[in-house]
Amino acid sequence: MTRTAPLPPNSTIGIFGGGQLGRMTALAAARLGYRCHVFTPERDSPAEQVCAGATIAPYDDRQALDRFAAEVQVVTSEFENVSADALRHLAKRVPVRPGPEVLAIAQDRIKEKTFCNSVGAPTTLFHAVRGPQDVARALADLGAPAVLKTARMGYDGKGQVKLDRDARPDEAWRAMKADEGIVEAWVAFEREISVIVARGVDGAMLAYPAVENRHRHHILDETIAPAPIPAQVAAEADRLARLLAEKLDVVGLLAVEMFVAREGAVLVNEIAPRPHNSGHWTIDACLTSQFEQCVRAVAGLPLGSVAHVPAVMKNLIGDEAETWLELLKDPTAKLHLYGKAEARPGRKMGHVTWVNKAP
Ligand code: AMP
């Protein structure tokens with residue numbers, strides 16, 4: 001369904017997925033006078049705690065999807081490891097922004113990199129693989145080191161196996177635990193960056209500055225905003241993010257994760273059609289946060305200014321969140337906790353942002 005008129009205040013925005021991204025989107029929506037209704041399989045999720053309504057059901061429950069569609073005026077997703085068919089089903093009843101076909105590309109690393117290359121956005125070289133023999137062929141072509149990743153349902157380094165010179169393709173294939181994968185040439189990157197671009201129903205775009213992302217154990221640890229990179233590298237990252245948002249016809253947000261290679265080339269690694277962990281700093285350091293921008297875009301409102309001050313954002317992973325009181329003793333630390341009852345290792349429990357802080 002398409003509808004281009006701005007959504008009036010008191011309308012209800014449907015959020016597909018119940019995590020912290022949905023929570024922060026709902027909080028931003030409330031400030032603009034909207035209600036949110038979340039669809040999630042889990043009770044007491046971070047988003048449900050702050051939403052006016054919730055549909056608790058598996059993502060592929062058609063009747064529940066119909067009930068959800070009847071409650072909301074537009075749907076946006078905060079999570080991409082759900083079936084694109086569920087979003088296609090919703091899209092017949094209510095506008096889904098960004099649309100299901102964007103999700104279908106973003107959730108499949110082969111489709112994603114193939115699409116990027118087809119519109120002129122460079123990525124590392126890669127091969128689609130369906131078994132150990134394909135892995136051996138890909139390694140022979142790309143050389144070691146390389147990385148084998150699941151084509152779908154991977155995040156935070158899950159389902160990834162590094163292939164060194166002496167790697168055994170059959171062992172790597174078994175370790176990946178999936179029936180379709182991608183072998184990527186290893187990028188000796190200087191740093192990892194990302195750009196979040198917002199695109200409205202009228203095609204207008206605004207992008208946040210490129211930020212640097214530092215990972216620990218494959219999970220985002222710190223974001224430095226803006227990234228300390230030469231202006232022409234930042235401009236290239238901005239150009240690629242806008243190019244992809246436009247070619248995908250995104251309405252909402254598109255986060256584009258990129259590598260800056262040693263020689264300065266910018267390569268796209270992953271895209272996500274939703275708010276992104278590397279944009280959390282915008283809540284405290286930017287005139288319009290990524291969450292408000294997401295709401296503005298999907299609700300058909302004008303986009304807000306991305307004027308900002310520099311910031312550093314640190315994720316609180318697992319038991320790091322136990323330091324909450326210590327963090328609050330620094331009056332300049334802006335603490336955000338996501339309402340998750342249990343701090344499992346690797347689980348994103350919250351984040352903290354310092355504005356105007358040198359990295
Ligand atoms: P991804 O799930 O694709 O975001 O990968 C998780 C992390 O693994 C990235 O943030 C990089 O640090 C690293 N990584 C992924 N792919 C490559 C690659 N082709 N070359 C080097 N490092 C990679």
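The residues of the chain are indexed from 1 along the displayed sequence.
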Looking at side-chain heavy atoms only, is the closest gap between [X] and [Y] below 4.5 Å?
{"X": "Pro122", "Y": "Cys116", "value": "no"}
{"X": "Tyr34", "Y": "Asn10", "value": "no"}
{"X": "Pro275", "Y": "Met24", "value": "no"}
{"X": "Leu7", "Y": "Val74", "value": "yes"}
{"X": "Ile56", "Y": "Glu42", "value": "no"}

[X] side chain to [Y] side chain, donor-acceptor N/O pair below 3.5 angstrom:
{"X": "Asp134", "Y": "His127", "result": "no"}
{"X": "Gln160", "Y": "His218", "result": "no"}
{"X": "Thr123", "Y": "Asn117", "result": "yes"}

- Query: By ring pair (Phe, Tyr, Trp, His ring centres under 6.0 Å), which residues pair with His37, not counting sequence neighbours?
  - Reply: Phe68
Not counting sequence neighbours, which residues clear side chain to side chain donor-acceptor pair (under 3.5 Å) with [X]? List them please.
{"X": "Thr282", "value": "none"}
{"X": "Gln290", "value": "His280"}
{"X": "Lys314", "value": "Asp221, Glu320"}

Residues [X], [Y]: salt bridge by 4.0 Å N-O rule:
{"X": "Glu180", "Y": "Arg130", "result": "yes"}
{"X": "Glu80", "Y": "Arg274", "result": "yes"}
{"X": "Glu101", "Y": "Arg88", "result": "yes"}

- Message: Evaluate Lys348 against Ile219 for side-chain contact (heavy atoms from CB on, under 4.5 Å), listing each step before the verdict.
- Response: CA-CA 9 Å; Lys348 291 174 180 167; Ile219 303 175; 3.8 Å; yes
Hey, could you give me the [atom1]/[atom2] distance between [X] and [Y], rounded to the nearest 0.5 Å?
{"X": "Tyr59", "Y": "Leu87", "atom1": "OH", "atom2": "CG", "answer": "10.5 Å"}
{"X": "Ile182", "Y": "Arg152", "atom1": "CD1", "atom2": "CZ", "answer": "13.0 Å"}
{"X": "Leu163", "Y": "Arg168", "atom1": "CG", "atom2": "CZ", "answer": "13.0 Å"}
{"X": "Leu65", "Y": "Asp60", "atom1": "CG", "atom2": "CG", "answer": "8.0 Å"}

Please report the shortest heavy-atom distance between [X] and [Y], naming the atom on each side.
{"X": "Val161", "Y": "Ala175", "value": "CG2-CB, 4.0 Å"}
{"X": "Gly181", "Y": "Ile110", "value": "O-CD1, 3.5 Å"}
{"X": "Ala237", "Y": "Ile193", "value": "CB-CD1, 3.7 Å"}
{"X": "Val355", "Y": "Ala285", "value": "CG1-CB, 3.7 Å"}
{"X": "Gly17", "Y": "Thr40", "value": "C-CB, 4.4 Å"}

- Glu270/Met258 under side-chain contact (heavy atoms from CB on, under 4.5 Å): CA gap, chis, key distance, verdict: CA-CA 7 Å; Glu270 265 194 317; Met258 291 166 269; over 6 Å; no
Just wondering, are more than 12 heavy atoms of other shown residues or ligands nearer than 6.0 Å to [atom1] in [X]?
{"X": "Asp179", "atom1": "CG", "result": "no"}
{"X": "Gln63", "atom1": "CD", "result": "no"}
{"X": "Gln133", "atom1": "CD", "result": "no"}

- Pairs in or reaching into residues 232-257: which pass salt bridge (charged side-chain N to carboxylate O under 4.0 Å, His left out), with residues at least two apart or in two chains? Arg199-Asp249, Glu236-Arg239, Asp238-Arg242
- Quick note, salt bridge (charged side-chain N to carboxylate O under 4.0 Å, His left out) partners involving residues 324-342, not counting sequence neighbours, are Glu326-Lys329, Glu342-Arg344
- When clusters are formed from ILVMFWY side-chain contacts under 4.5 Å, directly or step by step, what else is grouped with Leu316? Trp324, Leu325, Leu327, Leu328, Leu335, Leu337, Val352, Trp354
- Other cluster members, Val147 - Ile/Leu/Val/Met/Phe/Trp/Tyr, side-chain contacts below 4.5 Å: Trp186
Which residues pass the salt bridge (Lys or Arg N to Asp or Glu O under 4.0 Å) test with [X], sequence neighbours left out?
{"X": "Glu292", "value": "Arg31, Arg296"}
{"X": "Glu222", "value": "none"}
{"X": "Arg62", "value": "none"}
{"X": "Arg347", "value": "none"}

- Note on the structure: In His336, Glu78, Gln49, the residue satisfying side chain to side chain donor-acceptor pair (under 3.5 Å) with Arg23 is Gln49
- Item | Trp281 ring center within less than 6.0 Å of His351 ring center | no
Under a 4.5 Å side-chain heavy-atom rule over Ile, Leu, Val, Met, Phe, Trp and Tyr, are [X] and [Y] clustered together?
{"X": "Val197", "Y": "Leu301", "result": "no"}
{"X": "Val266", "Y": "Phe259", "result": "no"}
{"X": "Ile105", "Y": "Val119", "result": "yes"}
{"X": "Val183", "Y": "Met176", "result": "yes"}
{"X": "Val201", "Y": "Leu254", "result": "no"}

- List the steps, then state whether side-chain contact (heavy atoms from CB on, under 4.5 Å) holds for Leu90 with Phe39. CA-CA 12 Å; Leu90 285 172; Phe39 190 113; over 6 Å; no
